[in-house]
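A short write-up of the structure that comes next.
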Amino acid sequence: MSQQLALVSDPHNTVPFSAHKELPKRLVPPHVEALKPYQPGRPPEELKRELGIERFINMASNENPLGPPASALAAIQEILPEINRYPDLGGTKLREALADRFAIKVDNIALGSGSESTMANIIRAFLHDDDEVLTSQGTFIGLYVLVNAQGIKLKTVPLKNYHFDLDAIADAVNPKTKMIYLCNPNNPTGTIFTRDEFETFIRKIPDHVLVILDEAYYDFAAINPEYPDSMRYRLDNVLTLRTFAKAYGMAGLRLGYGLGHEYLIDYVNRIKLPFEPNILAQAAGLAALNDDEFLGNTLENNEEGMAYLTQEFDRLGLHRIPSHANFIMCEMGTKENVAKIHEGLLRSGIAIRPLTAFGLPTCLRITVGLPEENRKLITALNKILAPEKKK
Ligand SMILES: Cc1ncc(COP(=O)(O)O)c(C=O)c1O
């Protein structure tokens, strides 16, 4: 079919694109063709209208329920008149502050528009052709999507009692394994591997295999002496990922970073889009990084909320997996049980996360909220589960 090359005189061109089916088939590589479109939850506005609810409590995305730090808002306000300018290419001030924080060099830091962007940059920088990525089932879906989108082979081993099975991952390394992805605490299970487990694992991994240690929920787990804070080691084949999206309350601004040896970080910085992260994110990040009060309040809210929800979930007889992050995963036994709770909570104006997309169709994940939100969740769960308890 040949295309019509005609200039449309009407400035509000209403001529549709042709129903051309052949061109995409020839343009799109098979690994992109195989990608499933992202399935977002139903828009809150639509749900609100349908269910007659004014305000939704969002416990679905592991965000910070306290809102953004006031210090970050003030920094954004201050930099707003400069958004006609490109941001500092090197993100120098923020990288200097991070370098200070971790006692490393600026060259050990790659910024990104969210840690997921840094993850994408790492994948683009180091993986090609027959390289393989090795990880666990039941971990952050963003990783699976990025690897598949690059046409790279992804190998997974099963979770072991909802934990990363580091022994099985080490055993599965083969000559084509270029990268191993670990998530600690793991999303969506909330579980961690310990220092001993990590040290045993890393000794077994050849130096030429790159280990990505995703520590998006680091701040919530760091008080645990068993937790292996990757920045307490200096490992040449490990890249750590951290984010401002969770404990720092800035998920919508998109700011994250990677830490590691300068020879690796150099390539990540060559691949990244020159002006990510944007000017507002850089300014807000710098302010938030020094806002110990906000971080303290976040951790306190999480600790109290986690203690309350843990106790209440146990009283309700829910099978929860002990969590080291800002969310709790529950094993509900069947998909029907997940749907019943998910839909029941939606009708009460509470959004949580069913985990089919994570390959855990009988599980759901609930983010710790504000005290009032946690109480509303428990009241709603009481109602949904009450008839069952009487049986
Ligand atoms: C384990 C993990 N890594 C990375 C991300 C993405 O973080 P960011 O918002 O910084 O891209 C998330 C977000 O949910 C996550 O759970």
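When a ligand or atom number is given, it counts from 1 through the structure's own listing order. A quick note: this is a predicted structure, and the numbers were derived from the prediction, not measured.
- More than 12 non-hydrogen atoms from other residues, nucleotides or ligands lie less than 6.0 angstrom from OH of Tyr233.
- Counting only non-hydrogen atoms, the option in Asp214, Thr139, Ile141, Leu143 that gets closest to atom 2 (C) of ligand 1 is Asp214.
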* Start with the C-alpha distance between Arg242 and Asp229, add both sets of side-chain angles, then the distance that settles salt bridge (charged side-chain N to carboxylate O under 4.0 Å, His left out), and finish with yes or no. => CA-CA 11 Å; Arg242 302 244 176 117; Asp229 170 353; 3.1 Å; yes

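- For a threshold of 3.5 Å applied to N or O pairs, the pair formed by Ser117 and ligand 1 contains no separation below that value.
- In summary, the side chains of Asn187 and Arg365 do present a donor paired with an acceptor at a separation below 3.5 Å, with no hydrogens or angles considered.
- Around the CZ atom of Arg124, the shell of radius 6.0 Å holds more than 12 heavy atoms that belong to other residues, nucleotides or ligands.
- Residue contacts with ligand 1 leave out Gly256, since none of its heavy atoms falls under 4.0 Å from the ligand.
- Proximity annotation for atom 9 (O) of ligand 1: of Glu116, Lys246, Arg254, Glu215, Arg254 comes nearest, heavy atoms only.
- Atom 12 (C) of ligand 1 has its nearest heavy-atom neighbour, among Phe244, Phe140, Tyr257, in Phe140.
- Short contacts between ligand 1 and Cys183, defined as distances under 4.0 Å to a heavy atom of the residue, involve ligand atoms 1 (C).
- Relative orientation of the Phe102 and Tyr257 rings is tilted, given thresholds of 30° and 60° on the angle between their planes.
- In this structure, Leu345 CG and Lys376 NZ are separated by 13.5 Å, a value rounded to the nearest 0.5 Å.
- Inclusion of Asn187 in the set of residues having an N or O under 3.5 Å from an N or O of ligand 1 is warranted.
- Atoms of ligand 1 lying under 4.0 Å from any heavy atom of Thr243, numbered from 1 in the order shown and given with element: 8 (P), 10 (O).
- Residue contact check: Tyr217 has heavy atoms under 4.0 Å from atoms 1 (C), 14 (O), 15 (C), 16 (O) of ligand 1.
- Both the backbone and the side chain of Ser115 come within contact range of ligand 1, each with a heavy atom under 4.0 Å.
- No more than 12 heavy-atom neighbours from other residues, nucleotides or ligands sit within 6.0 angstrom of NZ on Lys93.
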